[in-house]
Every structure is written in structure tokens, then in C-alpha cells.
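This one's a predicted model, so the numbers in the text were calculated from it and none came from an experiment.
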Amino acid sequence: MKRLYEGKTKDVYELDNGNYLLKFKDDVTGDAGVFDPGANTVGMTMEGAGQAGLKLTTLFFEILKERNIPTHFIASDLDRTTMTVVPADAFGDGLEVICRYRAAGSFLRRYGKYVEEGQELEKFVEVTLKDDERNDPPISRDALSMLGILSGGDYVTLKQLTIDISDIIKEELARKNIELYDIKLEFGRDKEGNIILIDEISGGNMRVYRDGKAIDPIELANIMTAE
């Protein structure tokens, strides 16, 4: 088993059969010990965060499979905190796609002159480059096409998949009286050329609230996966 990539919250390995293995860690993104799903650095280590992230990711990927949403998911091993996935090529050096239902995080920091914290947004989708050195800058559809990262047609597919997936996650969370403020997704292209959801869907890449109180990744996984 060959390690291909060491990430902030997961390591990626190549299996002998050509599939990939994701190893979830207990690290979460944030700053100065405060959890922030939009941060570019590991802000803290939360014991059990890796398994919690994998449990929630498995739950959501299985739901998406039932809804015929294309993903890289094959299977999970909760005891080893690993997930087996099909390989997929990133767009450029990687894109992050955010769907926002309320103003928070970097959106609020950028546009706070024109929006109030927590203000409702109409499924606002934005794309950012995975570029820690430049603080993951937002990028427009035109720029993606001009720079050869993503064609206009693929952008339409990517945006619609983001809305469809985010709405499904929002509905599932609402069943537990949890509100989704925003969620960050990643996509790639499989060997057949299809755009598919990759990476994870866990408390580490979304902001969620219950009764106005933020819920951390481990608590969210416990709530959503409770019998």
C-alpha cells in the first residue's frame, strides 16, 4: 500500500487493485484551538474525530447512493477508520465547492458590509481553489474556464450536483432538528470521465446549528448516527 498524499484530516493510499484508501485522522481544521470548517490549517486535535467523521461520511454517502448521486464511495471500515473509494482526478490542483444557506464564515468576513450574520441565502454556491498559500481564493465560472480548470458545461454540472447534494444533507439534518448553514464539497472525474463527489461529508466540512448553538463534529456524528 503506497501513500499518495498526506492531508490535514486524512491520508490517501493506493491499494494493489487500483482503488484508494482514505485514513481518517483526529485532526480538525480551525485556528488557535477553535474549530472552523473553512480554515486552511489544523486548529486542534479532537479524540474520536476521525471515527466520527467516517461514521457520518458513511451515513451520508449511503444515502446519496440510494438517491443515485455519483460518488467515489465503495466501503468503510469503522474500526480502522478507513474508507475505500474509486480513484478520481481533481480539477486543477483541487477545487472546493461551498453551498451556503446562511451568511457565516468567510462569506460574512468578505461581505459583512452588505449582509448580517446568519442572514438567509438562497442556496448560494461558490467555488474556491485549494491553495493554502493564497488562502483558498474564490474563483468565478469565467476564470475557471479561461484558466483551463473547468469548462462551462462542467461548471453547470458541478453546481447542480452541489445543490442536489446539499439539499439532501440539509433535509437529513432537519430530521434531527439541526440546521445546515453551509457545507463544503469536493468533486473529481472518474476513469469514465464522470464528475463525482469525492472526499468526505462530515461535521468537519459543514456548519450546523441547533437552537442557535453550533454543534461540533463529534456531537453531530453522535446525534445523526444514534440508533
Show, in sequence, the C-alpha distance, side-chain angles and deciding distance for L78 and K55, and conclude whether the side-chain contact (heavy atoms from CB on, under 4.5 Å) test is met. CA-CA 7 Å; L78 294 178; K55 286 172 66 176; 3.6 Å; yes
Ionic contact status for [Y] with [X], cut-off 4.0 Å:
| X | Y | result |
| --- | --- | --- |
| R207 | D182 | yes |
| D11 | K25 | yes |
| R67 | D164 | no |
| K184 | D199 | no |
| K65 | E62 | no |

Can you tell me how far the [atom1] atom of [X] sits from the [atom2] atom of [Y], to the nearest 0.5 Å?
| X | Y | atom1 | atom2 | result |
| --- | --- | --- | --- | --- |
| L95 | L129 | CG | CG | 6.5 Å |
| I196 | L64 | CD1 | CG | 12.0 Å |
| I168 | L173 | CD1 | CG | 12.0 Å |

What I want to check is whether the side chains of Y155 and D142 have a donor and an acceptor closer together than 3.5 Å.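 The answer is no; no qualifying pair exists.
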With sequence neighbours excluded, tell me which residues meet salt bridge (Lys or Arg N to Asp or Glu O under 4.0 Å) with E120.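 In terms of salt bridge (Lys or Arg N to Asp or Glu O under 4.0 Å), with neighbours along the sequence ignored, E120 is linked to R102.
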Which of parallel (below 30°), tilted (30 to 60°) and perpendicular (above 60°) describes F73 and F61?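 The arrangement is parallel - the two ring planes meet at less than 30°.
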Are F91 and F187 near enough that their ring centres are under 6.0 Å apart?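 No; F187 has its ring centre 6.0 Å or more from that of F91.
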